[in-house]
Amino acid sequence: MTSTETRLYRLGEFHSFEAAERKFLYLVPAGAVFELDDAATKLIERLSSGEAVHDDLIQELVASGYTYDDADELLGELYHSHVIVTGDTVLEPLANPPADFPLQSLVMNLTNQCNLSCTYCYEFGEDKVATPEGKPKFMDLETAKASVDFLLSQSAQRKSVHITFFGGETLMNFPLLKSVVAYARERAISEGRSIDFSLTTNATLLTPAIIEFLSENNIGVTVSMDGPPDLQDKLRVFANGRGSYDIIEPRVRALIANHRTRPITARVTLTSGVTDVLRIYKHLKHDLGFHEIGFAPVTTSPDRLYSINERGMDGVLEQFHILAGEWLEFALRGEMHGFSNVSDTIAELIQGVNKSHPCGAGLGLVGVGPSGDLAPCHRFVDSDTHSLGNVTTGIDREKQSDFLTRGHINSKYDCHTCWARPLCAGGCHHEAFVRYGDTGHANLHYCDWIRDWTDTCLHIYGAVSAKNPEFLEKFAERKALS
Ligand code: SF4
Ligand code: SF4
């Protein structure tokens, strides 16, 4: 074992950044942010030019005015935080989750039918992975009840669990949604547990009665919507090609005005020609009144007409930077901004997230289709290739383990030297499948973009932690919008 005195130190793995005139490190093996004081900065600068032994570093610090004890304590702290490491430092790879990892969330695809024909839809479009032929189009009550029972039995001792209703268009099976809420709540109460609900909808079928039900039952709502009329109507169309904006606009307004119990979120899919992030944000936030807006570039093969090219993605990033700047101004005043792409990342940073997998798919979350077949998440529902069993027979542990092993960061060699991996972990499994034909492939087509965006969020995190640290506490419990 190396003695303390002769220990040879070098720099650990981190990404450094400055914010609010302070210096920070994002410690990659820990997924944690570390603020540097003057002495630590000096030491990092010293080690940037090469390795050094413990005693020499102490002497150098003492020569610059630090006491021996302070210098020794600093070295100890930096070593234990892995800011500096030695030749015999062993960083454990992130472990695989246990085989019986308890479920937290179930995404129930109440139907695989939709009344819109959005060109880019991952469920029906050119990149679809679903094979719904011969399977039920609508979930029935028996399967829905079996799904709830499955969630409760597979979530072990978790005090609270979550159901997200999804489609197709979720509200095409609204009577079933109502029955599931009643049944699941009763079952959860009988076990002394709580259950929370949310749904995603295209908003075309919202009625005052449905809105009242959602509000009374404290059900979170995300509306899939792409912006003002000219952008919404480009690809979010009915089967006859007619745009959907005129239909949904009054319904969205009614939803926001009358749903009293939860904030209402819009989820925007960015596509070629629908990349005007600032205009979309302004319309959804200020003209319609959504509380939060999240943006995601379309998941597709690069040769589709609606896929966004590199220049388009650069333009998106530039506009993200502008909204991120607004987010920071709001945060420093103690106000919430509605750009959820920042809020979600800040939440992950304050929670010290260090992902073995990019998301909860197949882990704490599974999707269930109208037939009761299980899938890693809603995007794989009804796909024979990705089935993970059925709610009546249980999870196929072998398939689940194969999915999770392939999707684990340890299997993504390209990511092992990337400082953004605690948050990215290779990116969405579904996107990886569409792009590379393998759910376990790292999404290497957007790494620079991801690192730039992560760096932006780190700057915001650093600035808020320096100037208004209490504000960050608001994100300690937040779960990312799926
Ligand atoms: S996919 Fe790219 S950005 Fe993400 S962790 Fe891997 S190398 Fe980093
Ligand atoms: S990130 Fe991708 S794989 Fe994960 S839940 Fe979302 S769509 Fe599914």
Side-chain angles (χ1 to χ4, degrees), residues 13-15 26 28-29 31 93-94 103-109 120-123 125 127-130 162-164 166-167 198 200 222 224 267 269 294-300 313 317 340-341 344-345 348 353-369 374-383 385-388 400 403-404 406-436 438-458 479-482:
E13 190 187 6
F14 54 73
H15 172 70
Y26 180 54
V28 179
L94 292 177
L103 266 190
Q104 174 98 62
S105 300
L106 189 70
V107 186
M108 290 177 76
N109 285 35
Y120 54 67
C121 181
Y122 61 81
E123 223 174 326
D127 296 308
K128 77 179 180 119
V129 300
H162 184 93
I163 291 179
T164 298
F166 221 91
S198 61
T200 295
T222 297
S224 302
R267 190 183 185 285
T269 301
F295 294 84
V298 66
T299 299
T300 177
M313 286 300 286
L317 191 56
S340 69
N341 295 62
D344 288 343
T345 308
E348 293 186 326
V353 162
N354 189 7
K355 297 178 183 171
S356 60
H357 294 82
C359 59
L363 198 53
L365 172 154
V366 291
V368 54
L374 294 164
C377 79
H378 51 289
R379 288 199 173 199
F380 292 107
V381 157
D382 271 346
S383 159
T385 327
H386 299 96
S387 164
L388 294 182
Q400 181 193 26
F403 175 81
L404 291 175
R406 277 184 300 113
H408 196 292
I409 189 72
N410 291 351
S411 316
K412 298 175 181 169
Y413 301 107
D414 294 293
C415 303
H416 290 184
T417 50
C418 173
W419 65 261
R421 69 179 184 276
L423 296 180
C424 172
C428 171
H429 303 287
H430 175 263
E431 181 158 15
F433 185 77
V434 169
R435 281 263 174 171
Y436 306 96
D438 177 4
T439 56
H441 200 294
N443 283 288
L444 300 172
H445 52 284
Y446 61 20
C447 298
D448 289 342
W449 199 101
I450 288 289
R451 283 189 284 261
D452 185 310
W453 178 240
T454 308
D455 182 65
T456 304
C457 291
L458 282 169
K479 294 270 174 281
L481 308 164
S482 185

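Note that ligands are numbered from 1 as they come in the structure, with each ligand's atoms numbered from 1 the same way. Starting from 1, each residue takes its place in the sequence as its number. All of these numbers come straight from a predicted model, not from anything done at the bench.
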Qualifying salt bridge (charged side-chain N to carboxylate O under 4.0 Å, His left out) pairs with a residue from residues 415-426, counting only residues at least two apart or across chains |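 Residue pairs with at least one partner in residues 415-426: Glu13-Arg421.
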Output yes if Cys377 passes the N/O/S-under-2.8 Å test against atom 4 (Fe) of ligand 2; output no otherwise.
->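 It does not; every qualifying atom lies at 2.8 Å or beyond.
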Counting N and O atoms only, with roles assigned by atom type, does the side chain of [X] sit under 3.5 Å from a partner on the main chain of [Y], one being a donor and the other an acceptor?
{"X": "His429", "Y": "Leu404", "answer": "no"}
{"X": "Trp449", "Y": "Met313", "answer": "yes"}
{"X": "Asn109", "Y": "Gly167", "answer": "yes"}

Proximal candidate to atom 1 (S) of ligand 2 [heavy atom criterion; set Ser105, Cys359, Pro358] =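 Nearest heavy atom to atom 1 (S) of ligand 2 lies in Cys359.
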Value rounded to 0.5 Å, distance of OG in Ser224 from CZ in Phe166 |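 Answer for the OG-CZ pair, Ser224 versus Phe166, is 6.5 Å.
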For side chain to side chain contact (heavy atoms under 4.5 Å, CB included), just list the numbers for Phe433 and Arg379, CA-CA rounded to whole Å, side-chain angles, deciding distance to a tenth of an Å, and then say yes or no.
-> CA-CA 11 Å; Phe433 185 77; Arg379 288 199 173 199; over 6 Å; no
Residue pair His441, Thr439: steps toward the side chain to side chain donor-acceptor pair (under 3.5 Å) verdict | CA-CA 6 Å; His441 200 294; Thr439 56; over 6 Å; no
Can you sort out which atoms of ligand 2 are near Arg379, meaning under 4.0 Å from one of its heavy atoms?
->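 Numbered from 1, ligand 2 contributes 7 (S).
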Numbering as shown, the atoms of ligand 2 that approach His429 to under 4.0 Å (heavy-atom distance) =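 Counting from 1, the qualifying ligand atoms are 3 (S).
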How many N, O or S atoms of the protein are nearer than 2.8 Å to atom 2 (Fe) of ligand 1?
->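 There are 1 of them.
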When you check the gap from the basic side-chain N to the acidic O, do Lys355 and Glu348 get nearer than 4.0 Å?
->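 Result for this pair is yes, salt bridge flagged.
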